[in-house]
Amino acid sequence: MTAKGEQFAKDLYERHTVFTNMLIALGVDEKTAAEDACRIEHVISDKSFAAVKKHYLDYKK
């Protein structure tokens, strides 16, 4: 895998993890949360994801 491909995979996994955990925290069951995260992670813009991630990390504190 190229360095660019590896970074893409890491970024996508981070999106998946943040969305899955956030949905679970909202009360969504784990299976549904993971399935929905798979859909969301591919269509959200970098700018919107950064805002969601910041909010989620602030919430976790």
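Contacts classified as ring-ring contact (aromatic ring centres under 6.0 Å, His included) and involving residues 28-48 (residues at least two apart or in different chains) are not found. Sorted by first and then second residue, the pairs that involve residues 4-33 and meet ring-ring contact (aromatic ring centres under 6.0 Å, His included), not counting sequence neighbours, are Phe19-Phe49. For residues 7-19, the pairs satisfying salt bridge (charged side-chain N to carboxylate O under 4.0 Å, His left out) are Glu6-Lys10, Glu14-Lys53, Arg15-Asp46, with sequence neighbours left out.
A chain of hydrophobic side-chain contacts below 4.5 Å, direct or via other Ile, Leu, Val, Met, Phe, Trp or Tyr residues, connects Val52 to Leu57.
Scanning for side chain to side chain donor-acceptor pair (under 3.5 Å) contacts around Asn21 gives an empty result, with sequence neighbours left out. Annotation: side chain to side chain contact (heavy atoms under 4.5 Å, CB included) contacts of Ser45 (sequence neighbours excluded): Lys47, Ser48. Under the salt bridge (Lys or Arg N to Asp or Glu O under 4.0 Å) criterion, Lys54 pairs with Asp58, not counting sequence neighbours. Every residue two or more places apart in sequence or in another chain that forms a side chain to side chain contact (heavy atoms under 4.5 Å, CB included) with Lys31 is listed here: Asp29, Glu35.
With rounding to the nearest 0.5 angstrom, the CZ atom of Arg39 is 15.0 Å from the CD1 atom of Ile44.
Minimum interatomic distance between Thr20 and Ala37 (heavy atoms only, all atoms of both residues): OG1-CB, 3.2 Å.
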